[in-house]
Amino acid sequence: MTDEELIAAARGAAENSYSPYSSFAVGSALRFSDGSVVTGTNIENASYGLALCAETVAVSKAMADGVRGGLEAVAVTGPLDKGGDAPITPCGRCRQVLNELAQLGGTDPLVLCVGPKEVRRVRLSELLPDAFGPASLD
């Protein structure tokens, strides 16, 4: 799957967003070394703090299916008509959740931060330097 196809999968996931409070639909797609792709979308909650980000949903789905390694790339998309022109990036919590999955497989995935006019390609380690993860507990 190409990066463009991964972005399309993330955009498709965003179509299932439950975001009645912010109207800010986010989609995420995770690509693994075996060629599999897992998607997620944000799920808001009336108590705001219980909302789930798209990346966290995708990681949860992957983990629930037994996927524990091989994370190669992540695409994160937001609405094209909100948030200005800047590419969307994973929030701090999502960076940590993605890092946990990546460290289980010893990878440093490419993160495709998608905006209306550009795609910023950055490694997870650049978004979350000196990350705390499973290796920190040894």
Side-chain angles (χ1 to χ4, degrees):
M1 172 174 275
T2 67
D3 289 351
E4 290 72 26
E5 291 169 325
L6 190 66
I7 291 168
R11 285 195 173 123
E15 292 176 9
N16 292 321
S17 171
Y18 178 71
S19 49
Y21 309 107
S22 71
S23 298
F24 198 88
V26 178
S28 179
L30 312 177
R31 182 177 64 216
F32 293 89
S33 58
D34 67 0
S36 64
V37 174
V38 178
T39 61
T41 190
N42 58 322
I43 303 168
E44 294 181 349
N45 188 282
S47 66
Y48 296 127
L50 295 179
L52 300 173
C53 297
E55 303 92 324
T56 301
V57 170
V59 168
S60 297
K61 285 172 59 177
M63 297 282 268
D65 288 342
V67 179
R68 297 288 190 275
L71 182 61
E72 292 183 337
V74 178
V76 183
T77 66
L80 297 176
D81 60 344
K82 293 183 182 220
D85 289 336
I88 188 170
T89 62
C91 72
R93 174 183 171 198
C94 288
R95 293 173 193 201
Q96 183 64 42
V97 169
L98 288 165
N99 177 68
E100 181 87 10
L101 181 58
Q103 280 195 14
L104 290 175
T107 62
D108 186 13
L110 179 65
V111 181
L112 306 168
C113 305
V114 182
K117 297 182 180 179
E118 71 172 296
V119 176
R120 190 169 116 201
R121 289 168 164 78
V122 60
R123 291 284 167 191
L124 181 59
S125 62
E126 295 174 69
L127 290 173
L128 189 64
D130 302 317
F132 182 88
S136 303
L137 298 174
D138 290 339

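For the single chain, residues carry numbers from 1 onward in sequence order. Heavy atoms only: backbone and side chains are in, while hydrogens, waters and symmetry mates are out. Just so it is clear, the structure is predicted and the values come from calculations on it, not from any experiment.
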Determine whether Val122 and Cys113 satisfy the following criterion, side-chain contact (heavy atoms from CB on, under 4.5 Å), listing intermediate values before the conclusion. CA-CA 8 Å; Val122 60; Cys113 305; 4.0 Å; yes

Could you go through the side-chain contact (heavy atoms from CB on, under 4.5 Å) check for Thr56 and Cys94 one step at a time? CA-CA 6 Å; Thr56 301; Cys94 288; 3.4 Å; yes

Under the criterion side-chain contact (heavy atoms from CB on, under 4.5 Å), I'd like the reasoning laid out for Lys61 against Val67: C-alpha separation, chi angles, the key distance, then a yes or no. CA-CA 9 Å; Lys61 285 172 59 177; Val67 179; over 6 Å; no

Could you give me the CA-CA distance, side-chain angles and deciding distance for Leu52 and Arg93, then say whether side-chain contact (heavy atoms from CB on, under 4.5 Å) is met? CA-CA 10 Å; Leu52 300 173; Arg93 174 183 171 198; 4.1 Å; yes

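A donor-acceptor distance shorter than 3.5 angstrom exists from the side chain of Arg95 to the backbone of Pro90, with no hydrogens or angles considered. In this structure a side-chain-to-backbone donor-acceptor pair under 3.5 Å is present from Glu44 to Tyr21. The backbone N or O of Ser47 lies less than 3.5 Å from a partner atom in the side chain of Asn45, making a donor-acceptor pair. Here the side chain of Gln96 pairs no donor or acceptor atom with the backbone of Leu128 at under 3.5 angstrom. Between the side chain of Ser19 and the main chain of Ser22, no donor-acceptor pair closer than 3.5 Å is present. With Ser17 contributing its side chain and Thr41 its backbone, the two residues share no donor-acceptor pair below 3.5 Å. Asn99 places no side-chain N or O within donor-acceptor distance of the main-chain N or O of Ala131, the cut-off being under 3.5 Å.
The two residues Ala9 and Ala29 make their nearest non-hydrogen contact at CB-CB, 4.0 Å. Between Leu104 and Pro134 the shortest heavy-atom distance is CD2-CG, 4.1 Å. Minimum heavy-atom separation, Leu71 to Thr107: O-OG1, 2.8 Å. Heavy atoms only, all atoms of each residue included: Met63 and Arg68 are closest at O-NH1, 2.7 Å. Between Glu118 and Pro87, the shortest heavy-atom contact is CG-CG, 3.5 Å.
A salt bridge is absent between Arg123 and Asp108; no separation between the charged side-chain nitrogens and carboxylate oxygens falls under 4.0 Å.
In the hydrophobic clustering of ILVMFWY residues, with side-chain heavy atoms under 4.5 Å counting as a link, Leu50 and Val97 come out apart. Ile88 and Val59 fall within a single hydrophobic cluster, where Ile, Leu, Val, Met, Phe, Trp and Tyr are joined by side-chain heavy atoms under 4.5 Å apart, directly or via other members. Using a 4.5 Å cut-off between side-chain heavy atoms of Ile, Leu, Val, Met, Phe, Trp and Tyr, with links allowed through other members, Leu101 and Val38 fall into the same hydrophobic cluster. Residues Met1 and Val74 are members of separate hydrophobic clusters, defined by side-chain heavy-atom contacts under 4.5 angstrom among Ile, Leu, Val, Met, Phe, Trp and Tyr. Taking hydrophobic clusters as Ile, Leu, Val, Met, Phe, Trp and Tyr residues chained together by side-chain heavy-atom distances below 4.5 Å, Val37 does not share a cluster with Phe32.
Side-chain contact of Arg120 with Thr89: a donor-acceptor pair under 3.5 Å is absent, judged by distance alone.
Two residues are said to be in side-chain contact when any heavy atoms from C-beta on lie closer than 4.5 Å; Val111 and Glu126 fail this criterion.
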